[in-house]
Amino acid sequence: MDREIKKWIDKSIPVVYRCESSDCLIILVGMNQTGKGEKLTKEKVAFKTKSDIEILDDGFKWRKYGKKMVKNSPNPRNYYRCSAEGCSVKKRVERDVEDPSYVITTYEGVHNHEGPFRS
DNA sequence: CGCATTTGACCTGCGC
DNA sequence: GCGCAGGTCAAATGCG
């Protein structure tokens, strides 16, 4: 995680928000190309939340498409994708290295459709 | 019956 | 140019 954040900092300027009222950390990363001359504009949002399970249902239907073991942490990393058509939003879920009780959920992209309402 | 999930392999990108 | 790491895809299986 630390290395990844460093990577983001190296390529863009991340904005970090902290939820003092609860155990969560929100990191907004606006990836604007800085040195390539291109105009790549990707947005990445990482949520670090204290949770027992890694399947945080945020109202969308996610389809798991991959699992990977990162060297940085002994924990596996899960890759999810929005099941809606035309919606290429990707979600990455992994546990915190220092605090296994924390789950780091990273969203990439924006939903081009209205998400299913969950009451 | 349909769809989501699972695991391993393959491919691409970046670093050295 | 090669090696490593990360990310993605695809086929089979299980469950709803």
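Labels below follow one simple rule: chain letters A, B, ... track the order of the sequence lines, proteins then strands, and each chain is numbered from 1.
- Contact annotation: A:Arg77 does not reach the phosphate of C:dA5 (side-chain N/O to OP1 or OP2, under 4.0 Å).
- The side-chain tip of A:Lys91 points at the ring of A:Tyr80 from less than 6.0 angstrom away and within 45° of straight on.
- The nucleotide whose nearest atom lies closest to any side-chain atom of A:Tyr65 is, among C:dC9, B:dC10, B:dT6, C:dC9.
- OP1 or OP2 of C:dC9 lies within a sub-4.0 Å distance of a side-chain N or O belonging to A:Arg81.
- In this structure, A:Lys71 atom NZ and C:dG3 atom C1' are separated by 12 Å, rounded to whole Å.
- Between A:Arg92 atom CZ and C:dA5 atom C1' there is a gap of 13 Å when expressed in whole angstrom units.
- With the nearest nucleotide of DNA chain C identified for both A:Gly66 and A:Val70, A:Val70 has the one nearer the 5' end.
- At the phosphate of B:dC3, neither OP1 nor OP2 sits under 4.0 Å from any side-chain N or O atom of A:Lys61.
- In this structure, OH of A:Tyr79 is placed 4 Å from P of C:dG7, rounded to the nearest angstrom.
- One interatomic measurement links the two molecules: NZ of A:Lys90 to C1' of C:dT8, which rounds to 9 Å at whole-angstrom precision.
- A:Lys68 places its NZ atom 11 Å from the P atom of B:dA9, with the value rounded to the nearest Å.
- A sub-4.0 Å separation between OP1 or OP2 of B:dC3 and a side-chain N or O of A:Arg63 is absent.
- Using modelled atom types, no side-chain atom of A:Arg92 and backbone atom of A:Tyr79 make a donor-acceptor pair closer than 3.5 Å.
- Atoms CZ (A:Phe60) and P (B:dA4) sit 16 Å apart, rounded to a whole Å.
- Within the structure, a side-chain polar atom (N or O) of A:Lys67 is placed less than 4.0 Å from OP1 or OP2 of B:dT7.
- Across every non-hydrogen atom of A:Asn75 and A:Val70, the tightest pair is O-CG2, 3.7 Å.
- Criterion: ILVMFWY side-chain heavy atoms under 4.5 Å apart, direct or through other members. Under it, A:Phe60 and A:Phe47 are part of a common hydrophobic cluster.
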